[in-house]
Every structure is written in C-alpha cells, then in structure tokens.
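Taking it in order: structure first as structure tokens, then the write-up.
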Amino acid sequence: MNLSAPDVPRPRAGTPGAATGSRLRAIDTLLADRGQLFRALFLAAPIPKALVDLDGHLLVVNEALCSMTGRTAEELVGRHVDLLAHPDEAPVPDLPPAPEGPLDPWLRLDGERRLRRTDNSELWAMQSHEVIHTSTGAPQFVVLSLVDVTDRRRAEEDLVRRAYTDPLTGLPNRRALGERLNHALALSRRRGLQVGLVHLDLDRFQAVNDVLGHEAGDQLLTQVADRLRWSTRMEDTAVRLGADEFLILAEDVEDLDGLRALADRLLSVLDDPFLIGDREIVLSASVGLTLGNDVAPDDLLRQAHNALARAKADGSRARIEVHDGVLSDSEVDQLQLETDLRHALDSDELRLFYQPIVALADETLLGYEALIRWQHPTRGLLPPAAFMAAAEDNRLTSKLGAWVLRRACVDAATWPAGLRVHVNISARHLAEPGFAELVTDALAESGLPPERLELEITESTALFAAEATLQAVSEVTDAGVTLALDDFGTGYSAITALHRLPIHTVKIDRTFVADVVTEPSTAALVQGLVQLGLGMGLQVIAEGIEDLDQADWLREHGCEMAQGYAFGRPAPLPGPAPTTEDVELAGTMPPGTVTVEDVLAAEHALVVEEMEYADPAPDVGPPSGPPSGPALRLVRGPEAEATRAEATRAEDDAAGEDDDEDDDRA
C-alpha cells in the first residue's frame, strides 16, 4: 500500500503548504525501505518485544527481549511463549474465545507476569499485546510487549514485608498475626481441629533495660525470638506482639495436653542462659494458653491475654495458666467498664481538669495542662489510668482525643490573654488522617489564637513518627500551634526526637525532679537536660515539683518554668469566681494579665483536703475563667515532707490521680 498519496498535489516551495510537503516527502523516503522502519520501530526498540503467531510461537524477537530473558534470538524463535513463564506460576486457565478470533490464552493475559531467566532467576514483567490484522480484517500475528517491573515489584514487596514484620526481631508482628489467625481458624473448622495460642511475657525484663541499657535489651529480645523461631513446628507462627511479649500461633492442635507440651518446650528453651556481651542472663517467662476454633479472633486473643494476666497476677515467674472459659470478677468488671465508656461521650460524663504551669522566677501563672477525667455515674471520678486501656480496646482514643482538644480550646478561649493551654496527644491520634483539620476546626470554633495552644507528645512518638505524623505536625505548627516534648530524657533518644519535629518546649519528667536535690547523679542529668533544651533555644518545664528546695535548685540551674503539686493539683473549672474577701492570697500576681479572680483560690493544705474525691465531683457549668486551685505557695523542710505525705494520701483516695499524666494521652 502506497502511503505517499501521489494523486495529492504537492505545494510549491515558498507557499504556506511547503513545510507540509517536506514532511510528506520525508515519509515517502522512510517508507521506501520498510526494513529500515521495522528495525527502527521494533528491532531497536528499548522495550522488549516479539512478533508471535496466533498459536503463541515466537516469530521475531528484538534485542531488548533477549537481554531481559538471558536467551539468544536463536533460542527463542520457534518456541512457545510459555518458555518464559516461571515454573511456580499457575497454569493459564481456559478463556472464552477472543473477539478477534482464535488466540493462544498465554497471549491474552495482559498485566504483571512472573517470568524466569536462563539462570533460573526470577523477574516480573508487565505484559501487553496487540493483534495485527490483514487488509481483509483477519488476525495475522501478535505484537507482544514485556516491560521489566522487577525493581518496582520488589520495592512493593519490601514495603509489605516491613508492614507485617517486627523490625527488631524479624518475626511477624501484630498486624500479620491478625491475618494468619483468621486463616488458621477457617482451616481448623474445616479440619475439625483447634487453634492454640501461647502468650508469653518475659519475667522482669525491665530490669535488664534498667541495668544493662536498651541496646542490651534489644539484643536479648532478638535472641529470644531466634529460640522461639527454632523451637516451633513449621505450621506454627511465632509473633512479637511488642515490648517483651511474644505469641505462638499453633495450628492443628488436638487437645490442651498438646498445647501444654508446646508451652513446656518453649519455657525449657528459654532456660539456657543468654549471652549479652560478656554477661550471662537467665530468663523465664509467664505463659497464658487458650484453645478453640469456633470463636472470633479477637476473642481468642483476649482469652490468651487474660490467662497470661492470671499467670502474672501474684508476681510468680515461669507460671502457666490456661483460659478456662469462665470470666473472673475483674474481667467482668473490665468488660462493663468498656461498655460504659462507649456511652460516656454521649452522656456528657467526661471532664477536663487543669494543672497550672508557672514561671519559677516569680511564680507568675503562664498556663494550664488539660487532663482528662471520667465522672462515672456509679464509680465516681475516675483518673485516666482507670479507663484508657478500655479506650484502646474499643478504639475510642481518637474520639476522646478530639473531645479533649475541642473542650480545652473552648475553655482556654475564656481565660485572660497570655495564658496557654497544653493538650496531650497520643501517637495513634496524631498519625490519623484529618488530625491537622481537627486542630484547625477546634481553634476556629473556639476563637482561641493558635499561639495559645501547645500539643504535648512523648519522646517515642517523636522518634518513631511516621510520614503522616510528620506531615500533620508540620501543618499545625505552620498555623502557629506549638509542640512540646513530654517526659524529656526518659525515651530512646532525646537528641533524635528534637531533630525530627519542630519542638518548641521540653518537659523534664518528674522521675528526675524528685531526686534532683538529694542525688548528685540525677542532678547532673537534669542539669544536662536543662542546658540541652536551652542551648537549642527551647523552653524548658520541670514537672513534679513538690517543694521549694527543688524549685530553688532548678531556678539556679537555668530552668524557667515548672509544674507540680507545689503550685496546684489538677482541678476543674470553677463556678462563680471568688473575691478578694473570700481568699487569702499567697504567691505573686502576674502583672497586667491575670486578675485576683483568676489566681488559684485557697491555701494548699486546705485545698488538698477539699480535693479528696470520695464523692463524685459536681458537674461543671459553663466556664467563667481559668481553673482555681491551691494558691501559689512553696514549702521546704519538714513542712515539705508533710505536704508530700498529705498529697500522697489524697492521691491514693483519688484512685491514682497525679501530675504525671502519660495516661491522659487520649
């Protein structure tokens, strides 16, 4: 077929159509030798290609295909295309007739295919085909294209592997356990057998971290994982759940005796000493067992966890407990608490308490930390430690976190200008989609300026923050919200955490502050943390201050801000504000920003007595100002000891309330 169209008049040079005529003559020249065109478009193409007859036999192959498969043209031509298929691939299924006529099924499988080279190595290729027809419309042959996507496929598989593998031990993680347990239960029901779970928790593992350090602890966990991996059957799965907890998923278990035998074998494997550096470490583990097939995966995991909790309940070691199908009173109580928590938000049972943050130089009030409480209808006022585990089990942490953030912004918007509100944020909530929008909406709805909101996260959250977390933090800080690093110095790497996120404030944990006056080693550590924060241009807050001796030491060593019982316990928003006749003030008034009605409302000892939560706290009405609490008053010497003892008694009565508020991270 002549594509030059000779009957079309050619434009003369210099006319508007001259350029078009030149292009047509170039096409005529190229088509004069179709062999050159074929070589340019097919044989020399960088994409692996082949001409294949309708029965699937290779007719012509280009150099790119030879290079990809490791075969010469002579080895390929005349062979069926299934020569390239990987032997582990499933046979090509029978397909309905193609619209273009009879065509080998192998040629019609467009998409990713697993192939094999001559050296038996594996590759992945994206296959596509195009049927070439004769002038009469009959299919003549097929142009097959194969694009090598091995690198992309391996990168995707690596991402999947990372998502389902514990990075420290190489064992499957909790996410992988969910899928494998579902599959195992489905198989067990068909086979008439049962699935067993062996839940192990290493005894006194924290002592290893405390004495030898986290690196030694990681080495120990890796060795434990190796022993568990080697000691299980091929059909069983060893999983690391997190921290020092492991779980063995045992398939096709006939009875409890078989599961007990597996648990005994695993404990005996752990009996041999572990070598960490030049030290021998002897470990044991407590074990919870459960068995079943006609049960939901989450219920089976809960049973194993409950059995483990009973094994560790009395403090003994290397103990094995079996789930007996009967819930203990504490388990029934926990289930009821979880049910009640689902209704707490709708029933307006949650409360925010506020603890003051002050300037150490003159005790000026700077802001408050918002702390969640639950006013349970029958159990009274509950601290976060009593219900945050239930929130995790019911996936309510994000809802609680959203409520805390919105309510804290609304409350803080009524305070005098300059007072800031600190809100604890959990790692899970921070990483969820829409967190930045939640913060923006809370600020817009309340009218609180962004610079008066500070979000508090832990070191571990900052250190292991995912990309989604980093993006969310970047968005909220760009809007003016600041970020505080809580529990500073207690996590994995304070320096790394400070560099990963735009930190504005660091909070030195109360465990250091408690001994800062009496323990020289602790004092040196705290001094280093203070200087590190200040040297990086950050604000530094010391938590847990209980007396003037601690405050004086911190002030002398450069710490500028503080929080603790010495300045006020967590308290709800007040009702009508007290007047100067109602309150004997102590401490220093913040000049020009906070009025008398805004300052803490009574002497410390009197308020501690009033704050014992034996009776449910009254419902809090609309906010009328910042929280009131004990006056700004610091004590030293014997009086300090008496104050600490009194605060401890009140803390016990409050079922665990204190100012170390890690568990407030809703």
Side-chain angles (χ1 to χ4, degrees), residues 161-181 184 194-254 256-291 300-301 303-305 307-312 315-323 492:
R161 181 185 59 80
R162 290 170 181 263
Y164 286 89
T165 303
D166 174 58
L168 175 64
T169 64
L171 292 178
N173 59 14
R174 186 184 295 270
R175 184 176 181 180
L177 172 64
E179 295 191 3
R180 298 191 185 190
L181 183 54
Q194 300 187 82
V195 173
L197 297 183
V198 182
H199 193 169
L200 300 97
D201 185 272
L202 302 182
D203 296 324
R204 301 183 64 187
F205 175 75
Q206 186 59 41
V208 177
N209 280 336
D210 294 341
V211 175
L212 301 181
H214 288 280
E215 183 176 352
D218 289 347
Q219 293 178 24
L220 185 59
L221 290 173
T222 301
Q223 293 185 29
V224 169
D226 289 340
R227 293 192 188 184
L228 294 179
R229 185 187 291 112
W230 298 334
S231 305
T232 53
R233 303 173 302 171
M234 290 294 295
E235 60 267 31
D236 298 338
T237 304
V239 177
R240 186 189 178 203
L241 295 180
D244 58 348
E245 290 188 48
F246 296 86
L247 185 139
I248 308 300
L249 168 61
E251 299 188 39
D252 296 344
V253 180
E254 294 185 0
L256 187 58
D257 290 339
L259 192 62
R260 276 187 177 275
L262 172 61
D264 289 334
R265 184 170 72 252
L266 295 175
L267 290 183
S268 65
V269 166
L270 298 180
D271 285 341
D272 294 334
F274 294 84
L275 185 62
I276 306 297
D278 57 352
R279 292 175 178 263
E280 284 192 350
I281 306 296
V282 178
L283 274 185
S284 63
S286 299
V287 179
L289 304 179
T290 189
L291 198 64
L300 198 64
L301 289 170
Q303 292 172 12
H305 177 76
L308 175 62
R310 288 200 299 272
K312 298 179 69 70
S316 60
R317 291 185 286 173
R319 181 176 172 182
I320 299 177
E321 282 287 338
V322 180
H323 177 75
Y492 295 87

Considering all heavy atoms of both residues, which atom of [X] and which atom of [Y] are nearest to each other, and what is their separation?
X      : Y      : answer
Ala250 : Leu262 : CB-CD2, 3.8 Å
Pro273 : Arg227 : O-NH2, 3.0 Å
Asp166 : Thr169 : OD2-OG1, 2.6 Å
Leu181 : Leu249 : CD1-CD1, 3.6 Å
Leu267 : Ala285 : CD2-O, 3.4 Å
Thr165 : Gly170 : CG2-O, 3.4 Å

If you measure from [atom1] on [X] to [atom2] on [Y], what distance do you get to the nearest 0.5 Å?
X      : Y      : atom1 : atom2 : value
Ile276 : Leu212 : CD1   : CG    : 8.0 Å
Thr237 : Glu251 : OG1   : CD    : 6.0 Å
Leu259 : Ile320 : CG    : CD1   : 9.0 Å
Ile248 : Asp236 : CD1   : CG    : 7.5 Å
Leu247 : His305 : CG    : NE2   : 12.0 Å
Gln194 : Leu300 : CD    : CG    : 9.5 Å

With a cut-off of 6.0 Å (strictly less than), are more than 12 heavy atoms of other residues, nucleotides or ligands near [atom1] of [X]?
X      : atom1 : answer
Arg265 : CZ    : yes
Glu254 : CD    : no
Arg233 : CZ    : yes
Arg161 : CZ    : yes
Glu215 : CD    : no

Checklist entry - In a check of side chain to side chain donor-acceptor pair (under 3.5 Å) between Tyr164 and each of Glu179, Arg180, Arg174, which one passes? => result Glu179

Checklist entry - Is Asp226 salt-bridged to Arg229, cutoff N-O under 4.0 Å? => result yes

Next on the checklist: side-chain contact (heavy atoms from CB on, under 4.5 Å) for Phe246 and Leu266? Distances and angles first, verdict last.
Outcome noted: CA-CA 11 Å; Phe246 296 86; Leu266 295 175; over 6 Å; no

Heavy-atom side-chain contact between [X] and [Y] under 4.5 Å:
X      : Y      : result
Val322 : Arg260 : yes
Leu177 : Leu301 : yes
Leu171 : Val239 : no
Val224 : Phe274 : yes

Next on the checklist: The test is side-chain contact (heavy atoms from CB on, under 4.5 Å); show your working for His199 and Leu241 and say whether it passes.
Outcome noted: CA-CA 9 Å; His199 193 169; Leu241 295 180; 3.4 Å; yes

Item to check | CA sep, side-chain torsions, deciding dist, call: Glu245, Leu308, side-chain contact (heavy atoms from CB on, under 4.5 Å) | outcome: CA-CA 10 Å; Glu245 290 188 48; Leu308 175 62; 4.3 Å; yes

Next on the checklist: Quiz question: by atom type and distance under 3.5 Å, do the side chains of Asp203 and Ser286 form a donor-acceptor pair?
Outcome noted: yes

Checklist entry - Hey, mind stepping through Gln219 and Thr222 against side-chain contact (heavy atoms from CB on, under 4.5 Å) and telling me if it holds? => result CA-CA 5 Å; Gln219 293 178 24; Thr222 301; 5.7 Å; no

Checklist entry - Any donor and acceptor pair, going by atom type alone, linking the side chain of Arg240 with main-chain N or O of Leu168 inside 3.5 Å? => result no

